[in-house]
Number of protein chains: 2
Amino acid sequence: MDRDLLDLPVLLLNAAGALVDAIDAGVRARGFADLRPAHGFAFARLSHDGATVGQLAEHLGMTKQAASQLVEELVTKGYVERRPHPADARARLIVLTRQGWACTRAADEAAIEVLRPWADALGPQRLAALRADLSRIATPGRLRRTW
Amino acid sequence: MDRDLLDLPVLLLNAAGALVDAIDAGVRARGFADLRPAHGFAFARLSHDGATVGQLAEHLGMTKQAASQLVEELVTKGYVERRPHPADARARLIVLTRQGWACTRAADEAAIEVLRPWADALGPQRLAALRADLSRIATPGRLRRTW
DNA sequence: CCCAAGTAGTCAAGCTGCTTGACTAAATAG
DNA sequence: CTATTTAGTCAAGCAGCTTGACTACTTGGG
């Protein structure tokens with residue numbers, strides 16, 4: 001039983017990795033080859049009303065500097081744009097461009113394509129249980145590069 | 001429902017990260033402050049009869065060169081040693097030293113300390129279900145740095 | 001038995017994505 | 001209206017990985 005406990009982290013990491021890789025592959029296959037998984041997680045945060053660089057950094061579990069240059073990269077590639085922040089002239093509101101939204105939709109499609117068969121095999125109540133169980137371990141909101 | 005599907009990867013990654021971080025903290029607290037999570041995953045592989053650099057690379061999802069220098073680091077710090085391989089003079093068998101075993105035990109303790117309360121809260125049959133469900137997504141044996 | 005091809009491991013160089021440190025401009029507190 | 005804090009960027013550095021090239025040993029086919 002303890003053996004079972006001990007390889008749970010490995011199992012979890014492995015599952016997460018497999019999922020992320022599969023979705024990333026799906027996104028690339030849809031024509032967005034210049035993006036990495038981290039960008040997708042950024043898009044997920046930006047897709048609700050945008051976000052500041054600081055909020056993005058918080059969400060991605062990295063420094064503001066790192067988030068800033070990630071944004072710079074996305075601006076250059078045309079996926080997001082910096083707008084003046086309506087309530088704070090120091091800050092800038094990062095929002096998705098048309099291309100950013102297109103990519104977000106593609107990512108959603110890819111994710112569903114990967115997750116659907118597996119969710120169907122599991123069944124709804126088992127899926128709900130899994131979500132609930134995972135939520136217990138997860139630190140809300142903070143995402144990080146693992147190991 | 002699709003919304004639920006879509007944040008499953010985030011949830012998984014988040015949970016995996018939280019677990020890895022917590023165990024890593026436990027290991028450091030036990031006096032092994034010069035190690036990172038990746039080393040722990042290496043130990044897990046080495047603890048069954050040792051392994052070659054190539055096998056380690058495969059297990060950790062990295063190139064042989066990277067695994068080789070990870071081993072070099074662990075040799076320097078006294079956690080593993082290189083032995084001649086019994087069946088192949090090109091290869092070397094990497095095995096844990098006494099200190100390596102001590103760290104492995106400490107890691108197991110830390111992992112159980114972290115996982116136990118959460119496993120208890122879940123209950124045995126729910127835990128078994130979680131393991132089974134995760135196993136479906138996971139690519140067997142291959143571990144990778146996620147995103 | 002021997003040679004050609006394949007495999008285990010290491011050395012060296014380079015690069016990517018992150019960090020820490022220092023700074024400017026704007027907001028906020030007292 | 002100054003003193004402190006906060007948002008963001010610029011610059012430099014670095015850890016952990018990659019690709020490429022090489023040596024030592026093994027394996028398979030004639």
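Naming convention: chains lettered A, B, ... in sequence-line order (proteins, then strands); numbering from 1 in each chain.
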Over all strands shown, is B:Ala89 touching base, sugar-phosphate only, or nothing at heavy-atom distances under 4.0 angstrom? sugar-phosphate
Using side chain to side chain contact (heavy atoms under 4.5 Å, CB included) as the criterion, point out the one residue from B:Leu143, B:Asp24, B:Thr146 that pairs with A:Trp147. B:Leu143
Output the single nucleotide from D:dG8, C:dG9, D:dT6 whose closest atom is nearest the side chain of A:Arg90. D:dT6
Just by distance, do the side chain of B:Arg45 and the backbone of B:Phe41 share a donor-acceptor pair under 3.5 Å? no
So does B:Thr139 get a backbone contact from the side chain of A:Asn14, meaning a donor-acceptor N/O pair under 3.5 Å? yes
Just compare C:dT10, D:dC17, C:dA26 and give me whichever is closest to any side-chain atom of B:Met62. D:dC17
Looking at D:dC17, C:dC18, D:dG8, which one has an atom nearest to any side-chain atom of A:Thr52? D:dG8
Can you measure B:Leu74 atom CG to C:dT10 atom P for me and round it to whole angstrom units? 13 Å
When rounded to whole Å, the CD to P distance for the pair B:Glu58 and C:dT7 reads 14 Å
Which part of the nucleic acid, if any, lies within contact of B:Arg36, taking any heavy atom under 4.0 Å across all strands shown: a base, the sugar-phosphate backbone alone, or nothing? sugar-phosphate
Nearest whole angstrom, please: distance from the P of C:dG17 to the CG of A:Leu70. 9 Å
Measure the shortest side-chain to side-chain distance between B:Leu93 and B:Pro84 over non-hydrogen atoms and say whether it is less than 4.5 angstrom. no
Atom CD of A:Glu72 to atom P of C:dT16: distance rounded to whole Å? 16 Å
Taking CZ from A:Arg145 and P from C:dC18, how many angstroms apart are they, rounded to a whole number? 5 Å
Ignoring hydrogens and geometry beyond distance, is the side chain of A:Gln69 in donor-acceptor contact with the base of D:dG8 at under 3.5 Å? no
Can you tell me if A:Arg82 touches the phosphate of D:dG8, counting only side-chain N or O atoms and a distance under 4.0 Å to OP1 or OP2? no
Looking at A:Gln55 and A:Thr52, would you say the former's side chain and the latter's main chain have a donor-acceptor pair under 3.5 Å? yes
Do any side-chain nitrogens or oxygens of A:Trp147 fall under 4.0 Å of OP1 or OP2 in D:dA15? no
B:Arg30 atom CZ, neighbour heavy-atom count above 12 within 6.0 Å: yes
D:dT9 OP1/OP2 closer than 4.0 Å to side-chain N/O of A:Ser68: yes
Mind calculating the distance between NE2 (A:His85) and P (C:dA27) to the nearest angstrom? 11 Å
Please pick, from D:dG8, D:dT9, C:dA8, the nucleotide with the shortest atom-to-atom distance to any side-chain atom of A:Ala91. D:dG8
Classify the side chain of B:Gln65 versus the base of D:dG20 as yes if they form a donor-acceptor pair under 3.5 Å and no if they do not. yes
Rounded to whole Å, the CD-C1' distance (A:Gln55 to D:dT6) equals 13 Å
Looking at the side chain of A:Thr63, which of D:dT9, D:dC25, C:dT20 is the nearest nucleotide? C:dT20
B:Val53 side-chain proximity, nearest of C:dA27, C:dG9, D:dT9: C:dG9
Whole-Å gap separating P (C:dA22) and NZ (A:Lys64): 15 Å
